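See below for the structure under consideration.
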Number of protein chains: 2
Amino acid sequence: MSNYQNNKALAEMFKALSNPHRLVLFHRLMTCCAPGTKCNADVAIKFCVSELGEGLNIAASTLSHHLKALHQARLIHMERNGKNVECWVEPDVLKELSTFFNQS
Amino acid sequence: MSNYQNNKALAEMFKALSNPHRLVLFHRLMTCCAPGTKCNADVAIKFCVSELGEGLNIAASTLSHHLKALHQARLIHMERNGKNVECWVEPDVLKELSTFFNQS
DNA sequence: ACTACACTTCGAAACATGTCGAATTATCAA
DNA sequence: TTGATAATTCGACATGTTTCGAAGTGTAGT
């Protein structure tokens, strides 16, 4: 985290994860593999926006706003597929964040 | 991150790290060992409040406010020692955060 | 007791965030 | 082309954050 840009980018990731609703959304995308197995699949499981929001009891506009925030922080990817927009997490970002807290 | 309390506590940690100034402060405390060596010392290096704020160009009251936020999020420890207040990071919290992003 | 130093609390100002409903855009199917 | 479904943008409001200087608290030395 030596340079300023990196610090700013990291702070923006943490800001995106600082809201309980967004943290749930990210966690749903993050735990892409079967429980107990190591996540090393090349193809991440994708969720569409409305699927992700299930059980959260927030308006669709709020959900969209939160996912945009996660996307702008470069934590998740989003891609339109027909009527839906699919969201997923690339393993790279998990590795980056994991090693940040694990560094010497 | 299955239960609600854990989610809330994690979100509060990320909120504390979401401010660039606080992230710098935390990082200074976190990188307690010599560069390139694994941090496995039992005794964390401690900094007093004013030392931590060096070069950040923020008012003492702002610095105090930020450290309080890190402390309330359970990211850092604080203890008065004479005129100074010493701050440090316990390795446990780094491990917790590292494994969160590394989980299956 | 007085002073100096380190830090915290308070009050205020500017700014950012979370949330909603309504309106808008995008896509597909009939 | 019309309608249905999925998602986003907009405007508004309440609430929270960042920051400062001023004032207050705690500790050590004179």
Side-chain angles (χ1 to χ4, degrees), chain A residues 4 7-29 44-89, chain B residues 4 7-29 44-89:
Chain A
Y4 175 71
N7 177 60
K8 212 177 142 190
L10 254 179
E12 271 166 27
M13 285 187 183
F14 293 135
K15 179 178 285 180
L17 296 175
S18 73
N19 176 277
H21 283 152
R22 282 197 299 266
L23 186 53
V24 167
L25 294 169
F26 181 75
H27 193 258
R28 283 183 181 175
L29 290 173
I45 287 182
K46 299 179 180 184
F47 287 86
C48 74
V49 172
S50 52
E51 278 174 334
L52 275 172
E54 273 173 24
L56 249 52
N57 292 319
I58 53 175
S61 55
T62 306
L63 176 59
S64 186
H65 166 76
H66 282 321
L67 289 170
K68 189 180 176 186
L70 287 167
H71 182 242
Q72 285 181 336
R74 301 180 168 276
L75 284 167
I76 68 170
H77 290 253
M78 301 180 83
E79 198 171 64
R80 183 169 277 277
N81 184 1
K83 278 192 289 189
N84 300 311
V85 169
E86 292 179 333
C87 307
W88 72 98
V89 171
Chain B
Y4 176 71
N7 177 61
K8 211 176 143 190
L10 255 179
E12 270 165 28
M13 286 188 182
F14 293 135
K15 179 179 283 180
L17 297 174
S18 74
N19 176 277
H21 283 153
R22 282 197 299 267
L23 186 53
V24 167
L25 294 168
F26 181 76
H27 194 258
R28 283 183 181 176
L29 290 173
I45 286 181
K46 299 180 181 183
F47 288 85
C48 74
V49 172
S50 53
E51 278 175 333
L52 275 172
E54 272 172 25
L56 249 52
N57 292 319
I58 53 175
S61 54
T62 307
L63 177 60
S64 187
H65 167 76
H66 281 322
L67 289 170
K68 189 180 176 186
L70 286 167
H71 182 242
Q72 285 181 334
R74 301 182 169 276
L75 284 167
I76 69 171
H77 289 252
M78 302 180 82
E79 197 171 64
R80 182 170 276 276
N81 184 2
K83 275 194 289 189
N84 301 312
V85 170
E86 291 179 334
C87 307
W88 72 97
V89 171

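The structure displayed is predicted, hence computed values, not measured ones. Naming convention: chains lettered A, B, ... in sequence-line order (proteins, then strands); numbering from 1 in each chain.
Distance CD (B/E51) to C1' (C/dC7): 14 Å, rounded to an integer number of Å. Between A/N19 atom CG and C/dA16 atom P there is a gap of 18 Å when expressed in whole angstrom units. Between the CD atom of A/E12 and the C1' atom of C/dT17 there is a distance of 14 Å, rounded to whole Å. With rounding to whole Å, B/L67 atom CG is found 12 Å from C/dT9 atom P. B/H65 has its NE2 atom 17 Å from the P atom of C/dA12, to the nearest Å. At whole-Å resolution of the value, CG in A/N57 and C1' in C/dT19 are 13 Å apart. Atom CG in A/L70 sits about 14 Å away from atom C1' in C/dT17, given to the nearest Å.
Between B/L63 and B/V49, the closest heavy-atom pair is CD2-O, 3.3 Å. Heavy-atom minimum distance, A/E54 versus A/R28: O-NH1, 2.9 Å. When all heavy atoms are compared, the tightest approach of B/L25 to B/L52 is CD2-O, 3.4 Å. Of all heavy-atom pairs spanning A/K46 and A/E79, the tightest one is NZ-OE1, 4.3 Å.
Residue A/H66 is in sugar-phosphate contact alone, with no base atom involved, counting any heavy-atom pair closer than 4.0 Å across all strands shown. Residue contacts for A/I58: at a heavy-atom cut-off of 4.0 Å it reaches the sugar-phosphate backbone alone, with no base atom in range. Counting any heavy atom pair closer than 4.0 Å across all strands shown, B/S50 reaches sugar-phosphate atoms only and no base atom.
Side chain A/S61 to base C/dG21: a donor-acceptor pair is found below 3.5 Å.
You can see that DNA chain D meets the heavy atoms of chain B within a 4.0 Å-exclusive cut from D/dT17 to D/dA28, reading 5' to 3'.
Remark: side-chain polar atoms of B/S18 are paired, donor with acceptor, to backbone N or O of B/K15 under 3.5 angstrom. B/R22 contributes a side-chain N or O that, together with a main-chain N or O of B/A16, makes up a donor-acceptor pair within less than 3.5 Å. Between the B/N84 side chain and the B/E86 main chain, no donor and acceptor come within less than 3.5 Å of each other. Panel note: side chain B/R80, backbone B/G82; a donor-acceptor pair is recorded below 3.5 Å.
An OP1 or OP2 oxygen of C/dC7 is reached within less than 4.0 angstrom by a side-chain nitrogen or oxygen of B/N84.
Test B/N19, B/L67, B/L70 against B/F26 for side-chain contact (heavy atoms from CB on, under 4.5 Å) and you get one pass: B/L70.
Of the residues in residues 74-83 of chain B, B/M78, B/K83 come within less than 4.0 Å of DNA chain C through at least one heavy atom, sorted by number.
Nucleotides of DNA chain C nearest to B/L63 and A/H21 differ in position, and the one nearer the 5' end is that of B/L63.
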